[in-house]
Amino acid sequence: MKVNADNPKFDGKVPHLLLKKGDISDIVLLPGDPGRVEKFRNLLEDFEVLACNREYKVAKGKYKGVEITICSTGIGAPSTEIAVVELIELGAKALIRIGGSGVLKEEINCGEMIITTGSMREGGASKFYAPETYPAIASFEIVESLINACKNNNVGYHKGISASVGSFFAGQGRNAINKKFYDDNLIEKYRNLNIINMEMESETILTLSSLFDVYSGCICAVHANRITNEWLYDFEQAQLNMCKIVLDACVEFNNKYLGG
């Protein structure tokens, strides 16, 4: 795999992240929003922003001696695909999505964490890499580390299969302006499949990581319950809790599985 195409314009850098091999760490966290990269400024030692281009903001720092990179992906599968391919080209060994999500089970509360074990491949971009029958599965090693970190931080968590959808409005059962394009049974269809939540990026990350033999995982803070209609309008604390959890998970994962 080579994404640079030897274009002298990029001076050895991948074309979207604008970084070279050696710039990033083995473990990369993937928020969607570039603004969420800054949440790690006060959590990491030696925090520095490496690059900013389009929806991609990349920073790096250390947590308990483990070097960690954060790279925003933008919203949805196409921009996530670009980030994932270029990060793997740069040498990433583990990719962990961190984000927010709406859940489909009454018993799950806003502010709790969802740990994805696998995803429905409704994002779109990954179909160009693998047939629909190819599974999008999180790495056991990362799932285990995320569960332990939730327990150690006394934060409620739930694990299960996510619906990773390449649409925010119609694809997730929302009206687009004043029109309804979705089936009235859309949410119930997902619930009948025991889908735990909906989000927009995990299947792209999980599928591509499996194809290129990279560890992957996903944790999301619950911002809404689509069944009880509970919404977390101020989700700052939930996001900070998630950031702390994923950093602790990175340390366990690094020390146990990457030989750190």
**Study point:** Audit row: Asp11, Lys20, salt bridge (charged side-chain N to carboxylate O under 4.0 Å, His left out) steps and yes/no
**Key:** CA-CA 9 Å; Asp11 189 28; Lys20 297 179 180 180; 3.6 Å; yes
Exercise for review: Report the C-alpha distance between Tyr182 and Phe169 in whole Å, list the side-chain angles of each, state the deciding distance to 0.1 Å, and finish with yes or no for ring-ring contact (aromatic ring centres under 6.0 Å, His included).
Suggested key: CA-CA 9 Å; Tyr182 57 90; Phe169 291 101; over 10 Å; no
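The aromatic rings of Tyr233 and Trp231 sit parallel, their planes meeting at an angle under 30°, below the 60° perpendicular limit. Ring geometry for Phe253 against Tyr215 counts as perpendicular: the plane angle is over 60°, on a 0 to 90° scale with 30° as the lower cut.
Using a cutoff of 4.0 Å between basic side-chain nitrogens and carboxylate oxygens, Lys13 and Glu89 are not scored as salt-bridged. Salt-bridge check for Asp23 with Lys60: failed, with every basic side-chain N at 4.0 Å or more from each acidic carboxylate O. At a threshold of 4.0 Å, the pair Lys39-Glu236 counts as salt-bridged, since one of the basic side-chain nitrogens sits closer than that to a carboxylate oxygen. Between Lys62 and Glu67, none of the side-chain N atoms (NZ, or NE/NH1/NH2) sits under 4.0 Å from a carboxylate O, so this pair counts as no salt bridge.
Side chain to side chain, Ser126 and Arg121 meet the donor-acceptor criterion of an N or O pair below 3.5 Å. Inspection of the Glu199 and Ser202 side chains reveals an N or O donor paired with an N or O acceptor under 3.5 Å.
Between the side chain of Ser101 and the backbone N or O of Asn197, no donor-acceptor pair lies under 3.5 Å. Side-chain atoms of Ser164 come within 3.5 Å of backbone N or O of Glu203 as a donor-acceptor pair. Listed for the Glu141 side chain is no donor-acceptor partner under 3.5 Å among the backbone atoms of Glu144.
Between the CZ atom of Arg97 and the SG atom of Cys220 there is a distance of 4.0 Å, given to the nearest 0.5 Å. With values rounded to the nearest 0.5 angstrom, Tyr157 atom OH is found 11.5 Å from Ile114 atom CD1.
Linking ILVMFWY side-chain heavy atoms closer than 4.5 Å, directly or via other members, places Leu87 and Leu50 in a single hydrophobic cluster.
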